[in-house]
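Residue numbers run from 1 in the order of the sequence given.
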Amino acid sequence: MNLKDLGLRKIYYAVSIVILFLLTVSCKQNDPVESSAYISDVYEYVYAPGQHALLAKKTDISNFIGDPAKNSGWLYLGGFGGYVVAGFDHDVQNADGNDFEVYLFPGASPEPAVVFVMADENGDGKPNDKWFELKGSQFNNSKRNYSVTYFKAKSETENITWKDDEGNSGELISTFGSIYSAAWWWTFTASNSITFTGTRLPDAYINDSSNETPHWVVPEGLFEWGYAENNKGTDYNSMRKSNEFDISNAVDSLGNAVQLSSIRFIKVQSAVLQQAGALNEVSSEITGAKDLRR
């Protein structure tokens, strides 16, 4: 072999190595990213006035993303109307039976939240299409499109007041943790009032005490199925500490059934406007959601 041939062969090998390297990098870049069974994004989180206002942080949305077993806490929604809007990195298919689950705060008594779903109809990967409520067992006893406006207390020694769209009004009374409910106003609510609209469920608790010591309980069978943070529901999975949901229960704003082949986004919203004595307001706490077929 002469020097010319040797030089050409070296150039050939060098070029081959470069081409192989570029092809390898290109393949790695184009490899499909494995999707997650759990929530991948939180788009909006708003806490409604409640006893955990000083604990609730915007950064708590990380507790609703990914595997709850690996998270450090949970997400406080607060009183009626507080909500979180989140999404999966894939479409959750509507198949036979339950399709996804929402994890609840372990050990808590039922503080029911309504779940809404949305398909990515326009394909832009954002929750900007139409919401549909997932019908639950108290659907016929609930008020849809119900609105409550909360008003910030005028001083630290006063209470938060509220007014609804039916002409009712009242104030939030703190029974422990703080003397006045003024401390229940979320730090991240900059305005002096805030309005929430959603589905209002019946009162969750009754005082079944026969003496002066109150005993607040959720009546058996009141919330049978269809709500988040409900460990008395028939849809409650005691092993995973979650409530399971069927996309086939989706209804429109008029209560008519809607056929959805899949969904991408969910909205979980506190749905009870009640103060249950020493328990204070009924406020939901949740820790994530999962596609049941992943």
Set of residues satisfying salt bridge (charged side-chain N to carboxylate O under 4.0 Å, His left out) with respect to [X], sequence neighbours excluded:
X      : value
Lys290 : none
Asp291 : Arg294
Lys143 : Glu166
Glu220 : Lys232

Asn63 and Asn71 side chains, donor-acceptor separation under 3.5 Å: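 There is no such pair between these side chains.
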Under 3.5 Å, is there a donor on one side chain and an acceptor on the other for Ser174 and Ser178? yes
Over 60° means perpendicular and under 30° means parallel, so tell me whether Phe88 and Phe100 are parallel, tilted or perpendicular. perpendicular
Specify whether Phe105 and Trp74 have parallel, tilted or perpendicular ring planes, treating 30° as the upper limit for parallel and 60° as the lower limit for perpendicular. tilted
With sequence neighbours left out, write down each residue that passes side chain to side chain donor-acceptor pair (under 3.5 Å) with Thr189, or none if nothing qualifies. none
For Glu133, what residues pass the side chain to side chain donor-acceptor pair (under 3.5 Å) criterion, not counting sequence neighbours? Thr199
Does the gap between the ring centers of Tyr146 and Phe80 come in under 6.0 Å? yes
Tell me if the centroids of the rings in Tyr83 and Phe116 come within less than 6.0 Å of each other.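 That pair fails the under 6.0 Å test.
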Let's go through Thr175 and Asn280 carefully: what are the C-alpha distance in whole Å and the side-chain angles of both, what is the deciding distance for side-chain hydrogen bond (donor to acceptor under 3.5 Å, both in side chains) to 0.1 Å, and is it a yes or a no? CA-CA 6 Å; Thr175 54; Asn280 280 329; 2.8 Å; yes
Looking at Val117, Asn128, Asp120, which one forms a side chain to side chain contact (heavy atoms under 4.5 Å, CB included) with Phe265?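 Output: one option passes, namely Asp120.
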Path from Leu292 to Val102 over hydrophobic side-chain contacts below 4.5 Å: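 They do not share one cluster, since no chain of ILVMFWY contacts under 4.5 Å joins Leu292 to Val102.
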Pair Asn122, Asp129 - check side-chain contact (heavy atoms from CB on, under 4.5 Å), show working. CA-CA 7 Å; Asn122 59 22; Asp129 290 296; 3.5 Å; yes
When you look at Leu172 and Trp162, which way does the side-chain contact (heavy atoms from CB on, under 4.5 Å) test go after all the steps? CA-CA 8 Å; Leu172 303 182; Trp162 60 268; 4.0 Å; yes
